[in-house]
Amino acid sequence: YPTWKRTLARRTRESQMKRFCRAQAIQRRLEEIEVTFRELEQQGIKLEKLLRDENESRADQQTQWTNQLLYLVQKKNNLMTEESDLMIAVQELKLEEQQCQLDEKLRSYMNKEDTLKTPEDEKAEQEILKQLVEVVNKRNVLIQLQEEKRLSEL
């Protein structure tokens with residue numbers, strides 16, 4: 001088993017572990033965001049009830065409640081933006097995993113001697129190459145989407 005194959009296999013495992021860890025971190029953060037959404041929703045409901053029920057309360061108290069409600073809405077919007085970014089990251093991770101799998105398959109066909117390749121092998125190699133280009137294009141679209149989003153936020 002040549003050294004380059006062992007190195008390649010090790011690097012593949014390392015990149016899979018990195019993707020797995022990133023996916024776990026993203027999943028944890030999405031769960032945290034969901035819990036925070038629920039908390040914000042409950043706080044918002046309480047503030048809305050206070051604003052509706054307390055018509056005879058002081059104007060400065062109502063202003064304070066309104067400001068708190070607006071702050072909650074802003075916080076929720078920020079979380080929604082973060083959730084959207086995380087969903088894009090999830091898609092990117094899936095495409096990255098798909099690309100690695102296709103790379104591995106393609107490499108196995110390309111390492112085969114041309115004289116030993118059957119017409120089916122060549123056809124499969126071309127199909128994998130086509131799929132790989134599609135995945136790379138999809139990843140490019142996601143990166144462009146993230147860049148456009150970043151620029152619009154500026």
Side-chain angles (χ1 to χ4, degrees), residues 1-49 51 65-154:
Y1 206 62
T3 305
W4 67 270
K5 284 187 179 180
R6 284 194 306 266
T7 303
L8 192 61
R10 182 176 37 84
R11 286 185 183 160
T12 301
R13 282 192 308 273
E14 287 172 357
S15 67
Q16 285 174 336
M17 284 304 297
K18 284 181 185 178
R19 283 192 301 278
F20 180 73
C21 289
R22 280 193 343 225
Q24 281 186 320
I26 289 170
Q27 185 62 37
R28 273 193 305 273
R29 184 60 188 141
L30 286 171
E31 289 169 1
E32 290 170 3
I33 287 173
E34 191 172 322
V35 169
T36 307
F37 270 149
R38 280 191 235 116
E39 291 171 358
L40 291 175
E41 190 74 28
Q42 293 302 315
Q43 291 174 4
I45 289 170
K46 288 177 186 175
L47 285 170
E48 281 184 43
K49 283 182 181 178
L51 283 169
W65 289 336
T66 304
N67 287 339
Q68 286 176 348
L69 190 60
L70 291 173
Y71 173 74
L72 291 178
V73 169
Q74 181 184 13
K75 208 170 173 183
K76 186 176 178 181
N77 287 340
N78 289 341
L79 285 174
M80 288 176 73
T81 300
E82 184 181 355
E83 184 181 40
S84 170
D85 291 342
L86 289 173
M87 295 309 289
I88 290 172
V90 166
Q91 289 176 333
E92 192 172 351
L93 276 175
K94 286 179 182 177
L95 290 173
E96 192 175 323
E97 177 66 30
Q98 197 176 2
Q99 182 179 350
C100 285
Q101 290 172 356
L102 290 170
D103 275 339
E104 217 172 284
K105 287 179 185 177
L106 184 63
R107 199 172 294 115
S108 70
Y109 281 113
M110 293 178 95
N111 286 337
K112 209 176 205 183
E113 287 290 326
D114 287 340
T115 56
L116 299 175
K117 286 183 187 176
T118 65
E120 291 82 20
D121 288 342
E122 290 176 6
K123 185 177 179 182
E125 184 179 344
Q126 290 303 315
E127 184 59 34
I128 291 171
L129 188 58
K130 181 180 158 193
Q131 290 174 358
L132 189 59
V133 169
E134 288 174 10
V135 169
V136 169
N137 286 336
K138 287 178 185 177
R139 284 185 70 191
N140 188 38
V141 167
L142 283 178
I143 291 169
Q144 286 176 347
L145 180 69
Q146 285 176 319
E147 185 64 19
E148 288 172 8
K149 196 171 180 187
R150 186 187 67 80
L151 290 174
S152 69
E153 289 172 359
L154 293 177

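Scope of the values below: all heavy atoms of this structure, side chains included, with no hydrogens, waters or symmetry mates.
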(request) Check whether any side-chain heavy atom of Lys76 sits under 4.5 Å from a side-chain heavy atom of Leu72, and report yes or no. (result) no
(message) Salt bridge or not between Lys105 and Glu125? Use side-chain N to carboxylate O under 4.0 Å.
(response) no
(message) Testing the basics here: between Leu47 and Leu69, what is the closest heavy-atom pair and its distance to 0.1 Å?
(response) CD1-N, 3.7 Å
(message) For Lys46, is the NZ atom crowded, meaning more than 12 foreign heavy atoms sit under 6.0 Å from it?
(response) no
(request) Check whether the side chains of Gln101 and Glu97 place a donor and an acceptor atom closer than 3.5 Å, and report yes or no. (result) yes
(request) List for me each residue that meets side-chain hydrogen bond (donor to acceptor under 3.5 Å, both in side chains) alongside Thr118, sequence neighbours excluded, and say none if there are none. (result) Glu120, Asp121
(message) Can a donor-acceptor pair be found, under 3.5 Å and without considering hydrogens, that links the side chain of Asn140 to the backbone of Val136?
(response) no
(request) Walk me through it: do Glu96 and Arg22 pass the test side-chain contact (heavy atoms from CB on, under 4.5 Å)? (result) CA-CA 12 Å; Glu96 192 175 323; Arg22 280 193 343 225; 3.1 Å; yes
(request) State whether Arg28 and Glu31 are salt-bridged, where the test is any N-O pair (Lys NZ or Arg NE/NH1/NH2 against Asp/Glu carboxylate O) under 4.0 Å. (result) no
(request) Using a strict 4.0 Å threshold on nitrogen-to-oxygen distance, state whether Arg38 and Glu34 make a salt bridge. (result) yes
(request) Evaluate the side-chain proximity of Val90 to Gln27: yes if any heavy-atom separation is below 4.5 Å, no if none is. (result) no
(request) First locate atom CD of Glu83, then atom CG of Leu30, and finally report the distance between them rounded to the nearest 0.5 Å. (result) 6.0 Å
(request) Please step through side-chain contact (heavy atoms from CB on, under 4.5 Å) for the pair Ile143 and Glu92, ending with a clear verdict. (result) CA-CA 8 Å; Ile143 291 169; Glu92 192 172 351; 4.2 Å; yes
(message) Could you tell me if the side chain of Gln98 sits less than 4.5 Å from the side chain of Leu132, heavy atoms only?
(response) no
(message) Are Asn137 and Val141 packed together at the side-chain level, in the sense that at least one heavy-atom pair is separated by less than 4.5 angstrom?
(response) no
(request) Tell me, please, which residues at least two apart from Glu127 pass side-chain contact (heavy atoms from CB on, under 4.5 Å). (result) Lys130, Gln131
(request) Rounded to the nearest 0.5 Å, what's the gap from CG on Leu102 to CD on Glu134? Could you check? (result) 9.5 Å
(message) A side-chain contact here means heavy atoms from C-beta on lying under 4.5 Å apart; do Lys75 and Tyr71 qualify?
(response) yes
(request) Flag the pair Leu40 / Leu79 as yes when at least one side-chain heavy-atom distance between them is below 4.5 Å, and no otherwise. (result) yes
(message) Go through it in stages, so that I can follow the logic: the residues are Thr3 and Arg6, the test is side-chain contact (heavy atoms from CB on, under 4.5 Å), and I'd like the CA-CA distance, side-chain angles, deciding distance and then a yes or no.
(response) CA-CA 5 Å; Thr3 305; Arg6 284 194 306 266; 3.4 Å; yes
(request) Any chance you could measure Thr66, atom OG1, to Glu48, atom CD, to the nearest 0.5 Å? (result) 10.5 Å
(message) Checking the side chain of Ser84 only, and the main-chain atoms of Met80 only, is there a donor and an acceptor separated by less than 3.5 Å?
(response) no
(request) Search all heavy atoms of Glu153 against all heavy atoms of Thr81 and return the closest pair with its distance. (result) OE2-CG2, 3.4 Å
(message) Working to the nearest 0.5 angstrom, can you tell me the gap between Glu82 CD and Asp85 CG?
(response) 7.5 Å
(message) Return the CD1 to CG distance between Ile26 and Leu93, rounded to the nearest 0.5 Å.
(response) 4.5 Å
(message) List the residues meeting salt bridge (charged side-chain N to carboxylate O under 4.0 Å, His left out) with Glu32, not counting sequence neighbours, and say none if there are none.
(response) Arg29
(message) A quick test of your reading: do over 12 heavy atoms of other residues, nucleotides or ligands sit less than 6.0 Å from CZ of Arg11?
(response) no
(message) Quick check: do Asp114 and Glu122 have side-chain heavy atoms less than 4.5 Å from each other?
(response) no
(message) Taking the side chain as everything from C-beta on, heavy atoms only, tell me whether Thr12 gets closer than 4.5 Å to Asp103.
(response) no
(request) Evaluate the criterion salt bridge (Lys or Arg N to Asp or Glu O under 4.0 Å) for residue pair Lys117 and Glu113; output intermediate values, then yes/no. (result) CA-CA 7 Å; Lys117 286 183 187 176; Glu113 287 290 326; over 6 Å; no
